[in-house]
*Asks:* 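Dumping the structure here so I can ask a few things about it.
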There are 2 protein chains.
Amino acid sequence: MAPKARNVTQREIARIAGVSQTTVSMVLNDRDGSNVRIPEATRERVKRAIEQSTYVADPAARRLAGLDNQIMGVFTYEAALSPESMDFYGPLLNGLERAAEQVGCDLLFFTSSPVEDGTRSLFHRKTRLRLADGCILLGQQMDGDDLKRLVDEEFPFVAVGRRDETTAKVPYVGIDYVSLTAELIARAAELGHREALYVHRGRNSPTARDRLQEIHTSNASGGPRFTLVDGVDTIVEDLARTGATLVFAEDAFLAEDVALALGKAGTVVPEQVSLTALGEVRGHRVNGHPLSGFQVPRQQVAAEALNLLQQLITTPSDEWAGLDTQLLLAGQLELGETLVGRA
Amino acid sequence: MAPKARNVTQREIARIAGVSQTTVSMVLNDRDGSNVRIPEATRERVKRAIEQSTYVADPAARRLAGLDNQIMGVFTYEAALSPESMDFYGPLLNGLERAAEQVGCDLLFFTSSPVEDGTRSLFHRKTRLRLADGCILLGQQMDGDDLKRLVDEEFPFVAVGRRDETTAKVPYVGIDYVSLTAELIARAAELGHREALYVHRGRNSPTARDRLQEIHTSNASGGPRFTLVDGVDTIVEDLARTGATLVFAEDAFLAEDVALALGKAGTVVPEQVSLTALGEVRGHRVNGHPLSGFQVPRQQVAAEALNLLQQLITTPSDEWAGLDTQLLLAGQLELGETLVGRA
DNA sequence: CTGAAAGCGCTTACAG
DNA sequence: CTGAAAGCGCTTACAG
């Protein structure tokens with residue numbers, strides 16, 4: 001059911017200005033090509049007619065005729081606007097909104113695909129994906145097949161976070177967790193820690209693997225030795241068994257869980273054991289101390305993703321190969337107060 | 001620059017199934033009207049062809065042909081996804097997302113209009129408004145002309161919050177602040193308060209007026225007498241001058257400012273003076289006490305707004321008059337601990 | 001029961 | 001310099 005009230009079209013403008021509809025289109029799109037040279041006088045006449053009307057180009061028609069729309073799709077594998085997801089998505093969405101305002105585009109959130117098993121499907125029978133010029137993909141985990149299909153169809157898109165779920169070359173903007181993790185491990189070594197736990201969520205996302213990679217490197221190269229632990233359930237025993245003086249947690253929330261579990265068993269952070277998150281820690285405290293970990297530029301990641309998407313859209317797909325489509329932004333260590341010298 | 005890779009169209013499906021493109025369209029849209037009766041066999045053949053392809057209807061073409069799209073616009077007069085605005089917009093956006101998932105529609109955020117003087121403009125030269133089937137309007141203050149124009153153009157839309165900026169009948173879903181304020185005043189009277197301050201933000205929104213109306217009613221009808229104060233700057237003197245035993249603040253944040261200002265002058269809430277917000281107070285505390293005020297169903301407001309919009313879209317505009325398009329949802333008092341018996 | 005045709009509003013070669 | 005025409009992918013009367 002489209003709105004009934006007839007909207008003013010180029011044809012009407014043409015009638016008013018006494019020119020053809022083609023000319024109106026030309027003026028609107030500033031087409032001053034080889035064969036076309038519209039005299040200033042005509043141009044002015046058309047422009048005035050437009051000014052005085054409420055004319056707005058019909059985006060659907062533009063799109064159908066093959067032009068871009070300045071509409072960027074936003075797809076999230078989970079609900080993005082729920083209070084629980086705000087911690088992760090909040091800064092990203094904020095970055096997107098600001099970048100969108102900058103480049104003058106609208107954001108189409110694909111909220112229609114129902115969340116099943118906690119995850120949405122990108123391609124479904126009624127997807128409005130193609131209404132957008134391109135799409136930003138958000139989520140901790142993504143579907144490799146979705147990514148591959150987007151690449152194959154040459155649909156412009158950019159994933160947020162490093163992606164390696166498929167062999168296809170996926171455009172992404174992420175955070176360099178490898179370097180950050182390496183830095184933090186070096187720091188821990190300096191502080192005298194030799195034995196540590198790495199508490200993770202057993203998730204198999206690229207960023208999880210990035211961290212894990214450096215953990216393994218440390219183990220293999222004589223750095224602090226990490227014992228891997230999935231979740232906090234056995235943390236107290238693991239700590240006692242290994243004699244670890246330090247716990248790395250995959251993210252700040254997990255770190256808080258660790259501190260809680262240890263606290264219940266009478267082990268106090270950081271006096272008796274150091275604790276560090278391998279993720280954003282701003283705003284997180286443990287026993288009154290600012291948590292040690294990273295500071296990651298999430299807003300900037302989102303903004304860069306939108307810029308990259310914009311680039312892809314304005315570049316013919318056969319020239320994409322020349323573009324730098326995989327960006328990792330640097331974060332920085334946030335020393336905090338919970339990573340201290342070996343007890 | 002539309003994606004280059006040709007997408008599969010109805011024509012191709014038609015070729016595969018050995019029918020006309022018209023028939024494909026009929027099957028897809030389940031058109032089984034008076035003159036059309038497609039035999040199950042043909043129907044199946046077409047359906048199978050579609051299943052086996054990656055066919056997805058082009059939303060732009062559908063739209064241009066006059067059908068709906070299941071795309072709801074979302075317009076906010078300020079940036080909606082910034083950390084500062086999350087307190088107000090967060091629950092609304094969350095409600096929208098969940099409702100959208102329910103009804104199976106996508107959400108188009110009009111982020112393209114740059115914020116000027118802190119407010120965006122709905123109608124601009126390149127607005128993609130008409131791409132959406134309808135639009136949800138969010139914001140503390142709205143432009144009366146915008147509202148009027150939407151009504152005049154019979155574009156389906158719903159405002160969140162009661163609206164009275166224009167004489168046109170604006171569809172809205174809001175919260176009944178009038179009743180809530182009246183209840184709270186009655187409660188204050190019961191507790192023995194006779195002299196009070198009403199600290200407001202000098203804003204001229206409908207919800208601000210709703211509260212003010214009851215404040216005036218109280219003054220006129222022999223209830224507690226309120227002195228109006230714009231902002232917290234002179235709060236200490238005002239309190240001394242009037243001998244008020246109670247302060248109403250327009251919202252929870254303002255209430256916190258009040259408590260702070262009073263605290264600096266040595267006046268402690270609630271021991272020496274009661275304090276109450278005429279707005280959502282969940283999560284707000286003053287001097288360790290849960291703030292007294294309201295509990296308002298913001299998520300539900302957003303969800304109801306989307307449902308109403310859906311109704312408008314599916315109802316021919318000449319039948320809109322028969323619809324109940326102005327809804328006020330009831331909130332409830334949150335007694336808290338900062339409104340106590342007269343000191 | 002099914003298909004050829006017109007139309008939605010726009011853009012872009014292509015003729016004048 | 002400007003306009004008539006074709007086409008984007010779909011829907012919907014309208015003829016067969």
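Each chain gets a letter, A, B and so on, in the order its sequence line appears, and its residues count up from 1.
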*Asks:* Among dG3(D), dC10(D), dG9(C), which is the nearest nucleotide to the side chain of A61(B)?
*Replies:* dC10(D)
*Asks:* List the atom pairs, with distances to 0.1 Å, where a side-chain N or O of residues 52-61 of chain A and a protein N or O form a donor-acceptor pair under 3.5 Å, not counting sequence neighbours.
*Replies:*
{"residue": "S53(A)", "atom": "OG", "partner": "I50(A)", "partner atom": "O", "Å": "2.9"}
{"residue": "S53(A)", "atom": "OG", "partner": "Y55(A)", "partner atom": "N", "Å": "2.9"}
{"residue": "Y55(A)", "atom": "OH", "partner": "Q10(A)", "partner atom": "NE2", "Å": "3.3"}
{"residue": "D58(A)", "atom": "OD1", "partner": "A60(A)", "partner atom": "N", "Å": "2.8"}
{"residue": "D58(A)", "atom": "OD1", "partner": "A61(A)", "partner atom": "N", "Å": "3.4"}

*Asks:* Establish, for the pair R149(B) and F123(B), whether the NZ or CZ atom is under 6.0 angstrom from the six-membered ring centre and no further than 45 degrees off its axis.
*Replies:* yes
*Asks:* Among dC1(C), dT11(D), dG9(D), which nucleotide has an atom closest to any side-chain atom of S25(B)?
*Replies:* dT11(D)
*Asks:* Whole angstrom is fine here: how far is it from CZ in R15(A) over to P in dG3(D)?
*Replies:* 15 Å
*Asks:* Among residues at least two apart in sequence or on other chains, which ones pass ring pair (Phe, Tyr, Trp, His ring centres under 6.0 Å) with F75(A)?
*Replies:* Y77(A)
*Asks:* What protein N or O atoms touch nucleotides 4-6 of chain D N or O atoms at under 3.5 angstrom, if any, and at what distances?
*Replies:*
{"residue": "dA4(D)", "atom": "N6", "partner": "T22(A)", "partner atom": "OG1", "Å": "2.9"}

*Asks:* Please tabulate, for side-chain N and O atoms in residues 137-145 of chain B, each donor-acceptor pair with protein atoms closer than 3.5 Å (sequence neighbours left out).
*Replies:*
{"residue": "D143(B)", "atom": "OD1", "partner": "D145(B)", "partner atom": "N", "Å": "2.6"}
{"residue": "D143(B)", "atom": "OD1", "partner": "D146(B)", "partner atom": "N", "Å": "3.2"}

*Asks:* For R62(A), which residues count as a side chain to side chain donor-acceptor pair (under 3.5 Å) partner, sequence neighbours excluded?
*Replies:* N29(A)
*Asks:* Compare the minimum distances between each of dC10(C), dG9(D), dT12(D) and the side chain of A65(A), then state the nucleotide with the smallest one.
*Replies:* dC10(C)
*Asks:* Please check this pair: side chain of T314(A) against backbone of Q311(A), looking for a donor-acceptor N/O pair closer than 3.5 Å.
*Replies:* yes
*Asks:* Can you check the R63(A) CZ to dC8(D) C1' distance for me, whole Å?
*Replies:* 11 Å
*Asks:* Rounded off to whole Å, could you give me the CZ-to-C1' distance for the R128(B) and dC10(C) pair?
*Replies:* 15 Å
*Asks:* Between dC10(C), dT2(C), dG3(C), spot the one nearest the side chain of R62(A), thanks.
*Replies:* dC10(C)
*Asks:* Atom CG of D58(A) to atom C1' of dT11(C): distance rounded to whole Å?
*Replies:* 13 Å
*Asks:* Looking across every strand, which nucleic acid part, if any, lies under 4.0 Å from A60(B) by heavy atom: base, sugar-phosphate, or nothing?
*Replies:* nothing
*Asks:* Below 4.0 angstrom from OP1 or OP2 of dT2(C), is there any side-chain N or O of T42(B)?
*Replies:* yes
*Asks:* Between dT11(D) atom C1' and R11(B) atom CZ, what is the distance in whole Å?
*Replies:* 15 Å
*Asks:* Whole-Å distance between dT12(C) P and L28(A) CG?
*Replies:* 12 Å
*Asks:* Quick one, S25(B) with T22(B), criterion side chain to side chain donor-acceptor pair (under 3.5 Å). Give me CA distance, side-chain angles, the key distance, then yes/no.
*Replies:* CA-CA 5 Å; S25(B) 175; T22(B) 304; over 6 Å; no
*Asks:* I want to verify a distance call: between dT11(D), dG9(C), dT12(C), whose nearest atom is closest to the L64(B) side chain?
*Replies:* dG9(C)
*Asks:* Would you write out the dot-bracket form of DNA chain D, 5' to 3', with Watson-Crick and G-U pairs under 3.5 Å, [ ] for crossing pairs, | for pairs to other strands and . for unpaired bases?
*Replies:* |||.||||||||.|||
*Asks:* Out of dT12(D), dG9(D), dC10(C), which has the shortest distance to the side chain of T9(B)?
*Replies:* dG9(D)
*Asks:* Return the set of residues passing ring pair (Phe, Tyr, Trp, His ring centres under 6.0 Å) with F109(A) (not counting sequence neighbours), or none when no residue passes.
*Replies:* F109(B)
*Asks:* Listed by chain and number, what are the side chain to side chain contact (heavy atoms under 4.5 Å, CB included) partners of I16(A), not counting sequence neighbours?
*Replies:* A49(A)
*Asks:* Considering only side-chain heavy atoms of Q10(A), which listed nucleotide, dC10(C), dC10(D), dC1(C), is closest?
*Replies:* dC10(C)
*Asks:* Please report, rounded to the nearest Å, how far the P atom of dG9(C) is from the CE atom of M26(A).
*Replies:* 20 Å
*Asks:* Sequence neighbours left out, what pairs pass side chain to side chain donor-acceptor pair (under 3.5 Å) with at least one residue falling in residues 92-112 of chain B?
*Replies:* D106(A)-S112(B), S112(A)-D106(B), R120(A)-E97(B), R128(A)-D106(B)
*Asks:* What is the distance, rounded to the nearest whole Å, between atom CZ of R43(B) and atom P of dT2(C)?
*Replies:* 10 Å
